[in-house]
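Everything on this sheet refers to the single structure shown next.
Every chain is numbered from 1 and lettered A, B, ... according to where its sequence line falls, protein lines coming before strand lines.
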There are 2 protein chains.
Amino acid sequence: MTKELRLGEFELLVLLAIIRLGDEAYGASVKRLLAKEINRDVSIGSLYSTIDRLQSKELISSIEGEPTPIRGGRAKSFLKITRKGETAVRLSKSNLTTMWKGLSINGGSEVNG
Amino acid sequence: MTKELRLGEFELLVLLAIIRLGDEAYGASVKRLLAKEINRDVSIGSLYSTIDRLQSKELISSIEGEPTPIRGGRAKSFLKITRKGETAVRLSKSNLTTMWKGLSINGGSEVNG
DNA sequence: CATATATACTCTACAAAGAAGAGTATATAT
DNA sequence: ATATATACTCTTCTTTGTAGAGTATATATG
């Protein structure tokens, strides 16, 4: 039932990037954010195939933007997470948190074991 | 360079389960823990193929146990995370935490610990 | 204007990770 | 002997992740 909502490792990162970028989320900006924040230099093809998949699973939606008056200002396809996408992100995070909790690998002082 | 250390979604959960189970980590107990903790009912085949992959990537090691005097007490293959596996887990967590930080979607618990 | 260059995205092919489930091994229970 | 319980193996297939050449479209420049 929640099987549709299961996110791959990279899908989750892309969704988080989209949320984070807000109104400025589109393929190229997602690529840049991932490179900057977590040093993940993914090829453009990898990224867009993941974006396509996320879209066909209705985890994100897109709106075509207008070309902007700057060099190379081709029209962007702005991305936005859907309700379903948010649910998927929350579920992933919840599972990770549950499995992570209280582990000695966690660096800090552990409360439980 | 860190590419070898990149973990799939399920690989990470399995590693966390192994850490958590300590001396009692082996295929069947990992399966049970995942079912109990995050409601993830994975087929036995999926789990062992992931365990095999983790092992061939040297993210976990295994030691054959002795048969136990209980019905169905077949010898277990005990699993243990390696140094390399711990590094991979830390990296995954770090990336997730970075991307997650400060997001409005963040209801309650945090991934980081 | 023609050509260079910049940003953004499309397409195709393939590799890695995840999933299923029948089958095998080996133990105790009856 | 046969049933049954736990643990693991094997094969096959689907989904995710990766790569990079190619296309589209904008401004910059000689």
Please state whether the phosphate of [N], meaning OP1 or OP2, lies under 4.0 angstrom from any side-chain nitrogen or oxygen of [X].
{"X": "Tyr26(A)", "N": "dA8(C)", "result": "yes"}
{"X": "Tyr48(B)", "N": "dT9(D)", "result": "no"}
{"X": "Arg6(A)", "N": "dA17(C)", "result": "no"}

If you take atom types as modelled and just measure distance, does the side chain of Arg74(B) reach the base of dA25(C) with a donor-acceptor pair under 3.5 Å?
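Flag set: donor-acceptor pair detected.
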Whole-Å gap separating [atom2] ([N]) and [atom1] ([X]):
{"X": "Glu66(A)", "N": "dC9(C)", "atom1": "CD", "atom2": "P", "result": "14 Å"}
{"X": "Arg53(B)", "N": "dC8(D)", "atom1": "CZ", "atom2": "P", "result": "18 Å"}
{"X": "Gln55(B)", "N": "dA16(C)", "atom1": "CD", "atom2": "P", "result": "19 Å"}
{"X": "Asp52(B)", "N": "dA17(C)", "atom1": "CG", "atom2": "C1'", "result": "13 Å"}
{"X": "Lys31(B)", "N": "dC8(D)", "atom1": "NZ", "atom2": "P", "result": "13 Å"}
{"X": "Ile51(A)", "N": "dC9(C)", "atom1": "CD1", "atom2": "P", "result": "8 Å"}
{"X": "Glu64(A)", "N": "dA26(D)", "atom1": "CD", "atom2": "P", "result": "13 Å"}
{"X": "Lys76(A)", "N": "dA6(C)", "atom1": "NZ", "atom2": "C1'", "result": "12 Å"}

5'-most by nearest nucleotide on DNA chain C - Glu11(B) or Gly73(B):
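Here Glu11(B) is the residue nearer the 5' end.
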Which nucleotide in the list [options] gets nearest to the side chain of [X]?
{"X": "Thr50(B)", "options": "dT25(D), dA25(C), dG18(C)", "value": "dG18(C)"}
{"X": "Arg71(B)", "options": "dT7(C), dA5(D), dT26(C)", "value": "dA5(D)"}
{"X": "Phe10(A)", "options": "dG17(D), dG20(D), dA24(D)", "value": "dG17(D)"}
{"X": "Pro67(B)", "options": "dA19(C), dT18(D), dA27(C)", "value": "dA27(C)"}

Applying a 3.5 Å limit to both distances, which nucleotide forms a Watson-Crick or G-U wobble pair with [N]?
{"N": "dT28(C)", "result": "dA3(D)"}
{"N": "dA13(C)", "result": "dT18(D)"}
{"N": "dT29(D)", "result": "dA2(C)"}

Give one of base, sugar-phosphate or nothing for [X], where a contact means two heavy atoms less than 4.0 Å apart.
{"X": "Leu47(A)", "result": "nothing"}
{"X": "Ser49(A)", "result": "base"}
{"X": "Lys57(B)", "result": "sugar-phosphate"}
{"X": "Gly45(A)", "result": "base"}

Do the side-chain N and O atoms of Gln55(B) and Ser61(B) include a donor-acceptor pair separated by under 3.5 angstrom?
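No, no side-chain donor-acceptor contact under 3.5 Å.
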Between [X] and [Y], is there a donor-acceptor pair closer than 3.5 Å when you use the side chain of the first and the backbone of the second?
{"X": "Lys76(A)", "Y": "Pro67(A)", "answer": "no"}
{"X": "Thr82(A)", "Y": "Glu58(A)", "answer": "yes"}
{"X": "Glu11(B)", "Y": "Gly8(B)", "answer": "yes"}
{"X": "Thr98(B)", "Y": "Ser94(B)", "answer": "yes"}

Side-chain heavy atoms nearer than 4.5 Å, only ILVMFWY residues, links allowed to pass through others: does that put Leu33(B) and Tyr48(B) together?
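Yes, because Leu33(B) and Tyr48(B) connect within a single hydrophobic cluster, where side-chain heavy atoms sit under 4.5 Å apart.
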First encountered from the 5' end of DNA chain D, between Ile44(A) and Leu7(A):
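Closer to the 5' end of DNA chain D: Leu7(A).
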